[in-house]
A.B. asks: 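One structure, pasted below without further comment.
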Amino acid sequence: MDKFMDRAVKLAVENVRDGGTPFGAVLVKNGEIISEGVNELHHIYDSSGHAEMLAIRKAQEELKTLDLSDYTMYASGEPCPMCLSVMYLSGIKQGYYCESVEAAAEIGLGASKVIYEDFKKNKAERKLSMKQMPLEPGQENPMEIWAEKNTK
């Protein structure tokens with residue numbers, strides 16, 4: 001097994017032994033581990049405290065950058081939709097995982113599978129109801145302000 005994936009799996013195993021879920025992640029650049037993370041939901045009571053998210057947060061904070069396009073993510077489990085989205089948003093172009101979303105669902109960790117399936121539905125059919133509330137006439141539009149500020 002690749003040494004970086006082996007590290008992600010070892011982190012996941014340690015996390016399970018600590019009372020957490022079986023997820024570990026390692027962020028790598030140029031053959032060097034830049035940051036690591038494990039699901040810390042059981043410690044920090046934060047639904048976004050996933051292994052990949054924490055590894056990305058640590059790297060971005062330490063490096064003072066949002067651009068992780070030259071980095072590779074190694075995760076013990078297939079990233080959930082949230083983690084995958086943050087990987088996209090941070091520019092990561094390559095990642096590897098061991099266990100699939102389906103394997104996680106088989107042992108009772110099925111939230112990611114449910115969310116992935118829900119995203120395939122039309123917005124009106126999804127479990128989470130999201131409705132647009134347009135700006136009021138005359139209300140400042142943050143997107144317009146940003147666009148003006150960033151096109152000069």
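For reference, positions follow the sequence shown, starting with 1. Since this is a predicted model, take the numbers as computed values, not measurements.
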A.B. asks: When you compare the side chain of Y71 with that of V28, does any pair of heavy atoms fall below 4.5 Å?
C.D. replies: no
A.B. asks: Got more than 12 heavy atoms from elsewhere within 6.0 Å of CD, Q139?
C.D. replies: yes
A.B. asks: Give me the ring orientation class for F4 and Y74: parallel if the planes are under 30° apart, tilted from 30 to 60°, perpendicular past 60°.
C.D. replies: tilted
A.B. asks: Tell me whether E99 contacts the main-chain N or O of G77 through its side chain, where contact means a donor paired with an acceptor under 3.5 Å.
C.D. replies: no
A.B. asks: Treating E106 as the side-chain partner and A103 as the backbone partner, does any N or O pair qualify as donor plus acceptor under 3.5 Å?
C.D. replies: no
A.B. asks: Any heavy-atom pair between the side chains of L27 and E36 that's under 4.5 Å?
C.D. replies: no
A.B. asks: Is any side-chain N of the basic residue among E102 and K113 closer than 4.0 Å to the acidic one's carboxylate O?
C.D. replies: no
A.B. asks: Is any side-chain heavy atom of H50 closer than 4.5 Å to one of M82?
C.D. replies: yes
A.B. asks: Under a 3.5 Å distance rule, please check whether S76 uses its side chain to pair with a backbone N or O of P22 as donor and acceptor.
C.D. replies: yes
A.B. asks: Working to the nearest 0.5 Å, report the span between CG of D18 and CD of E40.
C.D. replies: 9.5 Å
A.B. asks: Using a strict cut-off of less than 4.0 Å between a Lys/Arg side-chain nitrogen and an Asp/Glu carboxylate oxygen, indicate whether K121 and D118 qualify as a salt bridge.
C.D. replies: yes
A.B. asks: Under 3.5 Å, side chain of T65 to main-chain N/O of D67, donor-acceptor pair present?
C.D. replies: yes
A.B. asks: Ignoring hydrogens and angles, tell me if any N or O in the side chain of K29 forms a donor-acceptor pair with the backbone of T72 under 3.5 Å.
C.D. replies: no
A.B. asks: Taking atom types as modelled, is there a side-chain donor on S48 or R57 under 3.5 Å from an acceptor on the other?
C.D. replies: yes
A.B. asks: Quick one: does any side-chain atom of N15 pair with a main-chain N or O of G20 as donor and acceptor, under 3.5 Å?
C.D. replies: no
A.B. asks: Donor-acceptor check, side chain of R126 to backbone of F119, threshold 3.5 angstrom: yes or no?
C.D. replies: yes
A.B. asks: Okay, side chain of N141, backbone of E144: is any donor-acceptor separation there less than 3.5 Å?
C.D. replies: yes
A.B. asks: Donor-acceptor pair, Q60 side chain versus L66 backbone, under 3.5 Å?
C.D. replies: yes
A.B. asks: If I take atom CD1 from residue I34 and atom CG from residue D70, how far apart are they, to the nearest 0.5 angstrom?
C.D. replies: 10.5 Å
A.B. asks: Give, for atom CD of E52 and atom SG of C80, the distance between the pair rounded to the nearest 0.5 Å.
C.D. replies: 6.5 Å
A.B. asks: How long is the straight-line distance from CD of E117 back to OG of S112, given to the nearest 0.5 Å?
C.D. replies: 11.0 Å
A.B. asks: Any side-chain heavy atom of V26 within less than 4.5 Å of one from M73?
C.D. replies: no
A.B. asks: Between N39 (side chain only) and L41 (backbone N and O only), is there a donor and an acceptor less than 3.5 Å apart?
C.D. replies: no
A.B. asks: Between I56 and I92, is any pair of side-chain heavy atoms under 4.5 Å apart?
C.D. replies: yes
A.B. asks: Are more than 12 heavy atoms, taken from residues, nucleotides or ligands other than E140, located less than 6.0 Å from that residue's CD atom?
C.D. replies: no
A.B. asks: Would you give the length of the straight line joining atom CD of Q132 to atom NZ of K123, rounded to the nearest 0.5 angstrom?
C.D. replies: 8.0 Å
